[in-house]
Structures are given as C-alpha cells and as structure tokens.
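Just so it is clear: chains get the letters A, B, ... in the order the sequence lines come, proteins before strands, and each one is counted from 1.
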Amino acid sequence: MPSLPDEDVREVSGNVPSHKDHPILASLNPQQRAAVVHDDRPLLIVAGAGTGKTKALAHRVAWHIAEGIDPARILLLTFTRRAAAEMLRRAEALVRSLPGTKIASGSSGSLRIWGGTFHAIATRLLRRYGQAIGLPADFTIHDQTDSQDLMHAVRTALGLAKTEKRFPQKATCLAIYSRCINARETLDDVLADRFPWCRPWRLELARLFDAYVERKEKSGVLDYDDLLTHWLALLEDPTAGPHIRGLFDRILVDEYQDTNRLQAEILYALSPEGKGLTVVGDDAQAIYSFRGATVENILEFPHHYPNASVIALEQNYRSTQPILRAANAIMADARRAYPKKLWSGRTSGQKPVLVTCEDEDTQAAHVARQVLEHREAGIALRQQAVLFRASHHSILLEAELQRRDIPFHKYGGLKFIEMAHVKDLLAFLRLAENPRDMVAGLRVLGLLPGIGPARANRLMQALEDQGDFSAWTAIKVPQATAELWPALVALLQHLRGTSEPVATQLDRARAFYQPLLEIAYDNPVPRARDLEQIVQVGMQYADRRTLLAELALDPPSSTQDLASPPRRDDDYLVLSTIHSAKGLEWDVVYVIHAADGDIPSDMATGSAEEIEEERRLFYVALTRAKRWLYVCYPLRYQAGHRSTLAKPSRFLSPTAVACFEHLSAACEWPGAAPNAAEESQARRSIREQTRRYWQ
DNA sequence: ACTAATGTCCTTTTT
DNA sequence: GGACATTAGT
C-alpha cells in the first residue's frame, strides 16, 4: 500500500473533524492548512520568503482559540513587538469573524495572548515570579550602551584601563561576554574563533567578567543577556519551573532561524517534550549570527523532538516570478540545509533592474526621481522602500529627499533613545527607580560641574551604603557643585517616592537638566526639543517602571515616530537597514550601495560563514519586493578629494546579472539625459584637442 | 580632582 | 571623520 505524506494523513484522519469549509482555513493552501490544523505535537514550519508565514501563524493562533484554548495560555514569541502586534491583530480579526465566538477579552478588547520578544516576555515573567530566584522587584534593565558603560566602570576599577599594551575596548569586552552567554560557548572558544587578537588577555577578561556579573547583582540591574539567563533559571527552579511551564498550552515562535542557543534552551526547558510547540523559520534568511543566532536551532529541531513534523511552505505570494528568479539566482551558490524551491503564481511582471550609477550623488538623485515616477503612476510612498546595509548609507539620499520635499521615515541605525541627552534625562528616572543602578547614577552625577568619575563613584558608594538619597544631603561637595546640589537631591527624593504620572516626572527632570544641557552641548535647541518629545512619549505609559523597561527593550525604531505627531494617513517613503526590513514587504524596493565592500560589508568578509550571512542579507533585501526591484550601486566613491572605483557586489554572479535589466544613471542634467555614447564622444574630442599641445 | 587638548584607533547589523 | 585614551594644565 502506498504511503501518503504525514501531513495528508493527518489532515484527513487527525483529531479535528472535517473542516475543509472552516472559515479560518478557507483562504489557505494545503501546506498552510496542514500547518494550521496540526495537533499539539512539535511542529517546524520551514517557510521561504513571502510564503505566507505570518498568515499561517496568525491563523494557527486563531485555530487554537477556536479549538477552545484559552488565549491567555498561548505564548507567541516574535522578533519585534511590531511583529507580535501585527500577528495578534490578524488572529483577533479572524476569531471575531467566527460566528458565535465570544472572546475572553480585557478592557482594551484585545486577546490576552502572551505576545512579544524573548526579552519582553522574560521581563514580564521576571517581574511577576523573579522573587522565586531572589530577584529584587525593582530591578532596572540595561540596554547595550548601559552595559558597555558598566563594563567600562568595572574595567577601570580593576585597573585594566591603563595597561602597558592596550586592553580591549568596553564594546569588545561586552561583545565577548555576550557571545559566551548567548552562544553558550566557553571564553576560550569565543576568543579562538572570533576575537583571536584578545587571547593574550584571557585571564584578565575572566576576572573582568566576574566583577561585571558581581556588580550587576549588587546594582539590582539586568542586562539583555540576564533577561534570558534568568528566565532559564526560573524554569530550572524546582518550584517556579513547573509553575511557569504550566502557564502555557501553546507556544509559537517566529523567525526561529534567528534565535540563539540560549533561547533554544529556554524553549527546551519551557516545553521539554515539545508539546504544543510550533516554530517557524527559514534558514535562507538567517541574518543575526553576529548576535549569537544559529541556524543549528532549526536543523536540530527534528532531532531534539523526535516526534516533530516538518512542513514546508513553498508558494511565494509576494513577489513576481522575475524578481524571485533573481533572488533564487543569488542563493544558487549558497549551501541550503532545507532545500526549497520557491515559486510564484504571478509569472508576469517587470524584470528587476540593475542600476549602475556614476557616483553616490547620482544614485541618490536616481532613486529620488524613480520614487516620484512610481508615485505618479499610483504607487504611494508607503508602498516603496529603500534598503541598505549600513545606516550611514542613506545620508546622501536623506539630504536629496529633503531637498525635494519627499517625506520619509528611517528605520534602524542610531535610535532616538541612544542619543546622549535622551539617555541623560532617562537616567534621572532610572536612578530614582533603582538607586543602586550605578550606571544611571554615574551618568546623572557626571552632569554636574565639579563632579568627575572619582567623586561620582564615592557618592554612589555612599548612596549604596545608606540605601536612600538622604545619604547625599549631609555630604560635602565642591564649590562648583554646591549651587545645584540641594535641587538634585530634592528632585531625586521626590521622584523616588512619588506616584505622579511619569510624564510629570520626566518634566521635573527636564526642568533640572535644561540649564546643564545648554552648557554641555553647542546645539542645545534641537536637543531641548527632543526632550519635550520624550515628555510627550511619557504620557503613553502607565508608570515609570513600564516606561523604562519598554524603552530599553523596544525603543521607537523610527526617529520620525517620535519627531512627528502620529498622523496615520501621512504618506512617507520608508528608508530602512536590511536588518530592520526583516519580515516586511513593499511594492517597490530599491537596494542601494550594492557595491562590493558594502554588500558584503568589508567588516564581514573575514570568514566564509560571515560572507554567506551577507549573501542571505542580500537575499532578504531582494525578496522584500513585490512588483518592482531596483538594485543600485555607485561606480565611484568620493573619499576626501580622491575617488575610488567600486565593483558591483560579488553576489551578482553572471547568472544573477542575467536576471536583471541594465541601466546606467549618469549625472542629472537639465534637458536631455546624456546617453553613454554621446558622452564618450564628447570626451574623445576633448582628449584629441588636448593632445595637440604636445604632439 | 577636574577639564581641556592632543594623539591614535576603528569605522556594521540589534534585543 | 568620530570616538576614545592618554597627557598636560588649571
């Protein structure tokens, strides 16, 4: 008797009665349907780019609820909060559309699903159950910059800052530390594989990390890595562990290819048998190994859970076939663990265009012009996106867009929240929230004239010994500090005890900080405006603790999200790093700076693995496009008064290039655009005339 | 002890 | 070209 593929058997004879006509399943293809109705055994969905992965996941959530699972017992782990919100929105719409379904909903009307990033969920759980493993209730969270600052403080305290040969920088130290934690690798392995130049410092680094961990504990702070390790510790705790495991009937994980070892261990601990566990991912889109992520998690899933099923989604609903062909050509040389043959039903469509630009200015001008052309043709700005490898790649384009009055939002790169003056303001609140938070304290104290690192450290020690800000009322401070000192102590004492709205608290801190800002920076006006924005942002949060945690875990990703009032109907062009474009799609996509050295980045060509990740990054960029795709690179780069020649990305192999139409963009010229032949003729005649002088 | 100034390294992606 | 570390000066 011929055997049928597992999925088919299960669909017919599974524990769910015939549901071909079920409204949740109506719009799904057979593979998606199999994934949605799969029972509570572990499931891996291998979903290629644009194959309706979000749709499948949202439908599966809705399906669970229709099955009678309590939404509050569903855990949905995503890569960004934005992704979680989108997924929940879709699931909720589906559930509401079901006749006779009433949703157990909170006052906000939304499903009470546990949705968010690993880090956000960890925070929620640790706030609620952290005391089981001895975590203080008022812990504060360090973002990457804070963690680096603390690493720096500890490094200085240990005397490692002034060694004969130069000790690794704070950022490097943190990167090594974080790699050990997230990838679960020993210091020796990490040093050997990724930081060979730091190997002579192995012993000092070990000492530094010990002190760093101890300092974090004393300060009552958690860094990003701690959120994960403490979640895992909670699960391994004999009393808390079973309780946490008992909270969830279904666990769904998006973007599984970009999770790291530590996150996989959390899942193992959360669901040892894989009961109710669904993970979705695409090994061809793994682009976060620099953060410790590994595709091994996907590859090992079926081995770790022997009764796991694997379902592949291969029909692409996003892109036209010509775009898909180009993207597939880029990936043709890559090793693929789960071979997928993506195909599209949309066979017609314009060939993607490879645009060779004279220089960077030409590239910016060309993209701006093309964007307007598409808008004229009826494609809104919001349906168009410009993607690039590094944040600074868009600077020239931003200027050009500003000049032409084209509105845009930029995602990725330096965040609003990372700017020095914003961090300053928030440090006041964080210190009030947790007086032991040394990084926040040193930051606040350092703002005052007359206080440098040495005195700030002593003041923090005094504060730690006494436990509250009254430790600072009697202390003697330098002449230069004396004037402001009482006001600072009063401010902190007030903030510490108050329960007034967090926006009011921010405003008090701002009032104190304003004069200091004017002294410290030569452009205080725009910075002061930023601070007012932060006060506005504060209105959206229930309390100080929530504000601080949310801003540390999921800061507003677009500067413009904050800078302009939320007018939903605004039309704007999207500018984004490729990393931040993950999971999104647009009608028109422009990939700029597709020159070798930018894609792949020169910073990431050290090993074959790194280069492969850059290839996948390029693939992710191309597969964001639905209907039009432009890949641009400048021929000349201006470096000082010298210009260097660039080559197109090495990923644009002859086979790949054949999938593109070709276009040369020259300097923009009023009137007729000069074509290549005309121009070379003009230059030939100049050359001939010049030569007469010496012939 | 703190601030200002000069010299040297690194230059990416993000929870 | 900007961050960072060390050095000299107040």
Could you list the donor-acceptor pairs under 3.5 angstrom formed between side-chain atoms of residues 438-461 of chain A and any protein atom two or more places apart in sequence or on another chain?
residue, atom, partner, partner atom, Å
Arg443(A), NE, Asp424(A), OD1, 2.7
Arg443(A), NH2, Ala420(A), O, 3.3
Arg443(A), NH2, Asp424(A), OD1, 3.2
Asn457(A), ND2, Pro453(A), O, 3.1
Gln461(A), NE2, Asp465(A), OD1, 3.2

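When rounded to the nearest whole Å, the span between CZ of Phe195(A) and P of dC10(B) equals 13 Å. Atom CG in Leu174(A) sits roughly 16 Å away from atom P in dT14(B) (whole-Å rounding). Taking atom CD of Gln144(A) as the reference point, atom P of dT12(B) lies 12 Å away to the nearest angstrom. Distance, Leu548(A) CG to dT15(B) P: 18 Å, rounded to whole Å.
A salt bridge does not link Glu433(A) to Arg430(A): none of the charged nitrogens lies less than 4.0 Å from a carboxylate oxygen.
The cationic atom of Arg624(A) (NZ for Lys, CZ for Arg) does not lie both less than 6.0 Å from the six-membered ring centre of Trp586(A) and within 45° of the ring axis.
Distances from the side chain of Ala454(A) to the nucleotides dC4(C), dT13(B), dA1(B) place dA1(B) closest. Side-chain atoms of Gln169(A) lie closest to dC10(B) of the nucleotides dT14(B), dT15(B), dC10(B). Among the nucleotides dT11(B), dC4(C), dT13(B), the one closest to the side chain of Lys170(A) is dC4(C). Closest to the side chain of Arg458(A), from the set dT15(B), dA1(B), dT13(B), is dA1(B).
The side chain of Arg155(A) contributes an N or O atom lying less than 4.0 Å from OP1 or OP2 of dA5(C). Within the structure, every side-chain polar atom (N or O) of Thr577(A) is placed at least 4.0 Å from both OP1 and OP2 of dT12(B). Distances shorter than 4.0 Å separate none of the side-chain N or O atoms of Arg81(A) from OP1 or OP2 on dT15(B). At dC2(B), one or more side-chain N or O atoms of Arg455(A) fall inside 4.0 Å of OP1 or OP2 (strictly under the cut-off).
No contact: Phe118(A) has no heavy atom under 4.0 Å from any strand. Across all strands, Ala390(A) comes closer than 4.0 Å only to sugar-phosphate atoms, never to a base (heavy-atom distances).
Under the side chain to side chain contact (heavy atoms under 4.5 Å, CB included) criterion, Lys170(A) pairs with Gln148(A), Asp149(A), His152(A), sequence neighbours left out.
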Would Leu553(A) and Leu227(A) count as a side-chain contact (heavy atoms from CB on, under 4.5 Å) if you check the C-alpha gap in whole Å, the side-chain angles of each, and the deciding distance to 0.1 Å? CA-CA 10 Å; Leu553(A) 294 177; Leu227(A) 291 171; 3.6 Å; yes
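Both Phe290(A) and Gly452(A) lie near DNA chain B, and the one whose nearest nucleotide falls closer to the 5' end is Gly452(A). Nearest-nucleotide assignment on DNA chain B puts the 5′-proximal partner with Pro478(A), out of His579(A) and Pro478(A).
Taking the P atoms as reference points, dT13(B) lies 15 Å from dC4(C), given to the whole Å.
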